[in-house]
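First up is the structure itself, then whatever we jot down about it.
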Amino acid sequence: MKRLIAGLTVLRSPEPEQLLSLMATAGVCAEELEPWADYGHSPRDSYGRQLVWHGGHVEVMVMTWLPGDFSAIHDHGLAQWGAVQCFGQAEHYSYRLRRLHLCDEQALPYGPGQVRAVSPALIHQMGNAGEQSFLSLHVYGCREPRTAVTASARVFDPDEGCIQFTSGGVFFALPESDIERRQYGLTADLAIRKRQAQLKAWRLQQMLALAA
């Protein structure tokens, strides 16, 4: 982890290949991420989310994925570059937004240890459909220092028909306190609506069980 952070301190606008090379040569392993694991995260959260390091223009985070954990469909706000390294078998989908209509683009599952670049245009969703928990390492950066590199991320909620803006976790069923504003008029392909409704219903069921 120290090698990765040292390399990130000097990057301002890296090419994807440069960032992927840094993450590969840094040699971070899943065991190094355990101090930031959150296996007991609240069912109100769609996954565990812990900040490892904030370098002004870059953030390093560790996400914890319990069986059934899924992010909402989202982008990465103000981040201009980034990468994700997954230490488990994750489902992963990318999407396209045409005006205010969300379309399926591609299923791109992660294999253990796999690294992928994050572009400003990326709209995606990842999660754990398996039976074993795992961790993932996330790097998000921008050219200028910011308090929150991924501030004003968009969460796409086809069920509500809107885009929610948040500077926190990109969770299903965000509390009102975490929603900065909404943009209405979002539509989506039928397959997307069905999948998101199932995932959102499961998350709400977990929240109700917690409150009982």
Side-chain angles (χ1 to χ4, degrees), residues 16 41-49 59 61 63-66 68-84 86 90-110 116-129 136 138-142 146-208 210-211:
H41 74 75
S42 170
R44 294 185 179 90
D45 299 338
S46 296
Y47 54 90
R49 182 177 185 266
E59 293 175 348
M61 306 192 76
M63 312 303 188
T64 304
W65 305 92
L66 306 180
D69 279 357
F70 268 81
S71 74
I73 299 172
H74 66 281
D75 68 6
H76 301 91
L78 301 175
Q80 295 165 320
W81 50 269
V84 174
C86 191
E91 287 195 11
H92 179 231
Y93 303 93
S94 65
Y95 302 87
R96 288 174 293 166
L97 186 66
R98 294 177 172 173
R99 298 188 179 178
L100 282 176
H101 185 78
L102 200 62
C103 309
D104 266 315
E105 186 169 89
Q106 200 170 5
L108 298 167
Y110 273 94
R116 285 201 177 101
V118 172
S119 72
L122 178 65
I123 298 172
H124 76 152
Q125 177 179 41
M126 64 183 294
N128 181 2
S136 57
H138 299 242
V139 173
Y140 304 115
C142 51
R146 295 187 181 276
T147 303
V149 174
T150 55
S152 296
R154 295 182 296 175
V155 172
F156 299 85
D157 188 339
D159 182 51
E160 191 177 337
C162 76
I163 300 170
Q164 303 164 350
F165 292 77
T166 184
S167 294
V170 286
F171 303 146
F172 282 101
L174 282 171
E176 285 299 319
S177 58
D178 288 350
I179 300 174
E180 298 167 357
R181 62 186 176 92
R182 287 177 169 88
Q183 180 181 1
Y184 286 96
L186 179 71
T187 59
D189 289 350
L190 178 60
I192 296 175
R193 297 201 307 272
K194 286 184 175 180
R195 185 165 64 235
Q196 301 313 302
Q198 290 171 349
L199 292 171
K200 189 174 183 179
W202 183 88
R203 180 58 55 189
L204 290 170
Q205 187 177 48
Q206 297 301 306
M207 292 168 62
L208 289 172
L210 180 69

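The basis for the numbers below is simple: all heavy atoms, side chains too, and nothing from hydrogens, waters or symmetry mates.
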Distance from His92 atom NE2 to Phe70 atom CZ, nearest 0.5 Å? 11.0 Å
Grab the two heavy atoms, one from Leu78 and one from Ala148, that are nearest each other, plus how far apart they are. CD1-O, 4.3 Å
Pair Asp104 + Arg96: basic N to acidic O under 4.0 Å: no
Spell out, as yes or no, whether a donor-acceptor pair under 3.5 Å connects the side chain of Ser71 to the backbone of Met126. yes
For Asp178 and Thr166 the tightest heavy-atom approach is O-OG1, 2.8 Å
Roughly how far apart are Ile179 CD1 and Gln164 CD, rounded to 0.5 Å? 4.0 Å
Gln80: which residues meet the side chain to side chain donor-acceptor pair (under 3.5 Å) condition with it, sequence neighbours left out? none
Would you check, one step at a time, whether the test side chain to side chain contact (heavy atoms under 4.5 Å, CB included) holds for Leu204 with Phe172? CA-CA 8 Å; Leu204 290 170; Phe172 282 101; over 6 Å; no
With side chain to side chain donor-acceptor pair (under 3.5 Å) as the criterion, how do Trp65 and Ser136 come out once you've worked through the C-alpha distance, each side chain's angles and the decisive distance to 0.1 Å? CA-CA 8 Å; Trp65 305 92; Ser136 57; 2.8 Å; yes
Quick one: does Arg193's side chain get under 4.5 Å of Thr187's, heavy atoms only? no
With sequence neighbours left out, write down each residue that passes side chain to side chain donor-acceptor pair (under 3.5 Å) with Tyr93, or none if nothing qualifies. Glu91
Once salt bridge (Lys or Arg N to Asp or Glu O under 4.0 Å) is applied, do any residues pair with Arg146, and if so which ones, sequence neighbours excluded? none
Would the distance check show the side chain of Asn128 and the main-chain N or O of Leu66 forming a donor-acceptor pair, the cut-off being under 3.5 Å? yes
Does the side chain of Gln125 reach to within under 4.5 Å of the side chain of Leu199, using non-hydrogen atoms? yes
Just how far is it from atom CG of Asp157 to atom CD1 of Ile163, taken to the nearest 0.5 Å? 10.5 Å
Would you check if the distance from the ring center of His124 to the ring center of His76 is below 6.0 Å? yes
Could you list the residues that satisfy side chain to side chain donor-acceptor pair (under 3.5 Å) with Arg203, not counting sequence neighbours? Asp69
Counting C-beta onward and ignoring hydrogens, is there a side-chain heavy-atom pair between Val155 and Ile73 closer than 4.5 Å? no
Quick check: closest heavy atoms across Val170 and Ala153, and the distance to 0.1 Å? CG1-CB, 4.2 Å
Ignoring hydrogens, what is the shortest heavy-atom contact between Leu108 and Ser94? Give both atom names and the distance. CD1-OG, 4.1 Å
Any residue meeting side-chain contact (heavy atoms from CB on, under 4.5 Å) with Ala201, in chain and number order, not counting sequence neighbours: none
Separation of Thr64 OG1 from Arg49 CZ (nearest 0.5 Å): 12.0 Å
Write down the atom of Pro16, the atom of Ala117, and the distance for their closest heavy-atom approach. CB-CB, 3.9 Å
Taking the six-membered ring for Trp, are the ring centroids of Tyr47 and Phe171 within less than 6.0 Å of each other? yes
In this structure, CG of Asp75 is separated from CG of Leu97 (nearest 0.5 Å) by 9.5 Å
Are Ile123 and Phe156 packed together at the side-chain level, in the sense that at least one heavy-atom pair is separated by less than 4.5 angstrom? yes
Determine the sole option in Lys194, Arg195, His101 for which the side-chain hydrogen bond (donor to acceptor under 3.5 Å, both in side chains) test with Asp189 is passed. His101
Flag side-chain contact, heavy atom, 4.5 Å: Ser167 against Glu180: yes
Tell me the closest heavy-atom pair linking Arg98 and Cys103, and the distance in Å. CD-SG, 4.0 Å
Using the rule given for side chain to side chain contact (heavy atoms under 4.5 Å, CB included), can you reason through Val139 versus Glu59, listing the C-alpha separation, both sets of side-chain angles and the distance that settles it, and then say yes or no? CA-CA 6 Å; Val139 173; Glu59 293 175 348; over 6 Å; no
Rounded to the nearest 0.5 Å, what separates atom CZ in Arg116 from atom CG in Leu122? 10.0 Å
Excluding sequence neighbours, so at least two apart, what forms salt bridge (Lys or Arg N to Asp or Glu O under 4.0 Å) with Glu160? Arg182
Heavy-atom distance under 4.5 Å between the side chains of Lys200 and Gln198, does that happen here? no
